[in-house]
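All ligand and atom numbering here is 1-based and tracks the order in the structure. Keep in mind that what you see is a predicted model, and the values were worked out from it rather than measured.
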Amino acid sequence: MRLTDGRKRVAFLYGTRPEAIKMAPVVAAVRRTAGLMPVVVTSGQHREILDQVNDLFGIVPDRDLDLLRPGQTLDGVMAGALRGFGDYLDERPVDAVVVQGDTSTAFAGALAAYHRQLPVVHVEAGLRTQHLYSPFPEEGNRRFIGVVADLHCAPTRAAAANLLAENVPAERIIVTGNTVIDALMWAVERQRVTEDPFVDAAIAAGRRIVTVTLHRRESWDGGIRAVADAVARVARRHPEVLVVLPMHPNPVVRAELRPLLDPVPNVHLAAPMAYAPFCRLLAGSAVVVTDSGGVQEEAPTLNVPVIVTRETTERPEAVHAGAAVLVGTDRDRIATTLEELLADELLHQRMASAPSPFGDGRAAERIAVAIGDLLSAGRLAATDDRVGAFAS
Ligand code: UDP
């Protein structure tokens, strides 16, 4: 829908913290692009932590679908977002819809756009584990989105290769880098403290910090307990280390973590941190233990080795680059790997200095240019030096 000033409206739909973090730089880049105007709709799939990110990046949603309900099912999120976003598109027509990653909100956004035959732009396209149920429901969601997307913004060449293998036409794919690196660089530049006085004092004193984040649905079934057990064991053996665990708001996750970790004196169970302070925590960490996708991407950029507590990863680039190690949820393996990294300075140094394969902080710019091309010419520019900037 061309506005009276000639600009085209580009709608962004997102609902969780990681989507907001990865979309914010794209919203900003589209805002800076001549001829385009971003409009943001949030589903509210993660309430408070989503608002924090929007506030940080100065994004005011045009509409908030406010879908979060206690005990919300995947069907509930999907149906609510599809109807709510569909109604929005009917009331306030747009020229393209941008979704990010692999949440149920993103899938609903792509489907609502498809129902109206609108171009769909998929940010962070092409990630695959090749296991439909791992991670669940993310692997399914991102494949569904891939089927209807017109522009696939792959963060790495490996992700682009996954799309090519599924017969996505090459002219619909660009390799952009991951927008989380844009957000991370922006945040680290501005933020000097974690805003948790205890943690800030520890960093200032040069104490070694192990940061842990755990939240994935697939880890609920015993996995979280195993990770917590391993971390508790290593923390007890290394009183000089401080383990910081900003807890995900999910009550299932919290109920698992507290009994195992509360009694350990050098484990600090913190409230979930706002994005910029969390980036500061990461930057001050010696090692990160995580099942989070975004954190796997951020830590290598900050030269922090990552232990990934998942069986599979759709981000093999960091493992191949030597910046991350995939250990699953076996408690002995997690404990051994963490101890090795704390004890073996050479190993730590080798992982910390591995190159980050996820981008250079300019992914959002490339995506905004490509959206402009798509909407003005109906295709991407033919000679495209934006492709191929990243190692796979
Ligand atoms: N994060 C944050 N505060 C925290 C923990 C994580 O802002 O207390 C950020 C982190 O930097 C990353 C994102 O949240 O960019 C990851 O979100 P999450 O682990 O919920 O999801 P995933 O990346 O696994 O999809």
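Within a 6.0 Å sphere centred on CZ of Arg83, other residues, nucleotides and ligands contribute 12 heavy atoms or fewer.
Contacts between Phe278 and ligand 1 below 4.0 angstrom, taking non-hydrogen atoms only, involve the side chain exclusively. Only the side chain of Glu298 comes within contact range of ligand 1, with a heavy atom under 4.0 Å; no backbone atom does.
With a 4.5 Å cut-off on side-chain heavy atoms, Phe85 and Thr105 do not count as touching.
Of the candidates Arg17, Arg315, His215, the one placing a heavy atom closest to atom 5 (C) of ligand 1 is Arg17. When Gly101, Cys279, Ala20, Gly293 are checked for heavy-atom proximity to atom 24 (O) of ligand 1, Gly293 turns out nearest.
In this structure, Met185 and Gly361 approach most closely via the heavy-atom pair SD-CA, 3.7 Å.
There is no side-chain donor-acceptor pair under 3.5 Å between Thr103 and Thr16.
Close approach of ligand 1 to Pro272 is summarised as follows: ligand atoms under 4.0 Å from at least one heavy atom of the residue are 8 (O). For ligand 1, the atoms closer than 4.0 angstrom to any heavy atom of Pro246 are 8 (O). Atom numbering of ligand 1 starts at 1 in the shown order; those under 4.0 Å from a heavy atom of Ile21 are 9 (C), 13 (C), 14 (O), 15 (O).
The structure places SG of Cys153 at 11.5 Å from CZ of Arg366, a figure rounded to the nearest 0.5 Å. In this structure, CG on Asn162 lies 9.5 Å from CZ on Arg142, to the nearest 0.5 angstrom.
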Pair up each side-chain donor or acceptor in residues 20-28 with any protein partner under 3.5 Å, not counting sequence neighbours, and list the distances.
| unit_1 | atom_1 | unit_2 | atom_2 | d |
| --- | --- | --- | --- | --- |
| Lys22 | NZ | Glu124 | OE2 | 2.6 |
| Lys22 | NZ | Glu297 | OE1 | 2.9 |

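When only interatomic distances are considered, the shortest N/O to N/O separation between Asp291 and ligand 1 does not fall below 3.5 Å. At a 3.5 angstrom cut-off on N or O pairs, Pro18 does not count as close to ligand 1.
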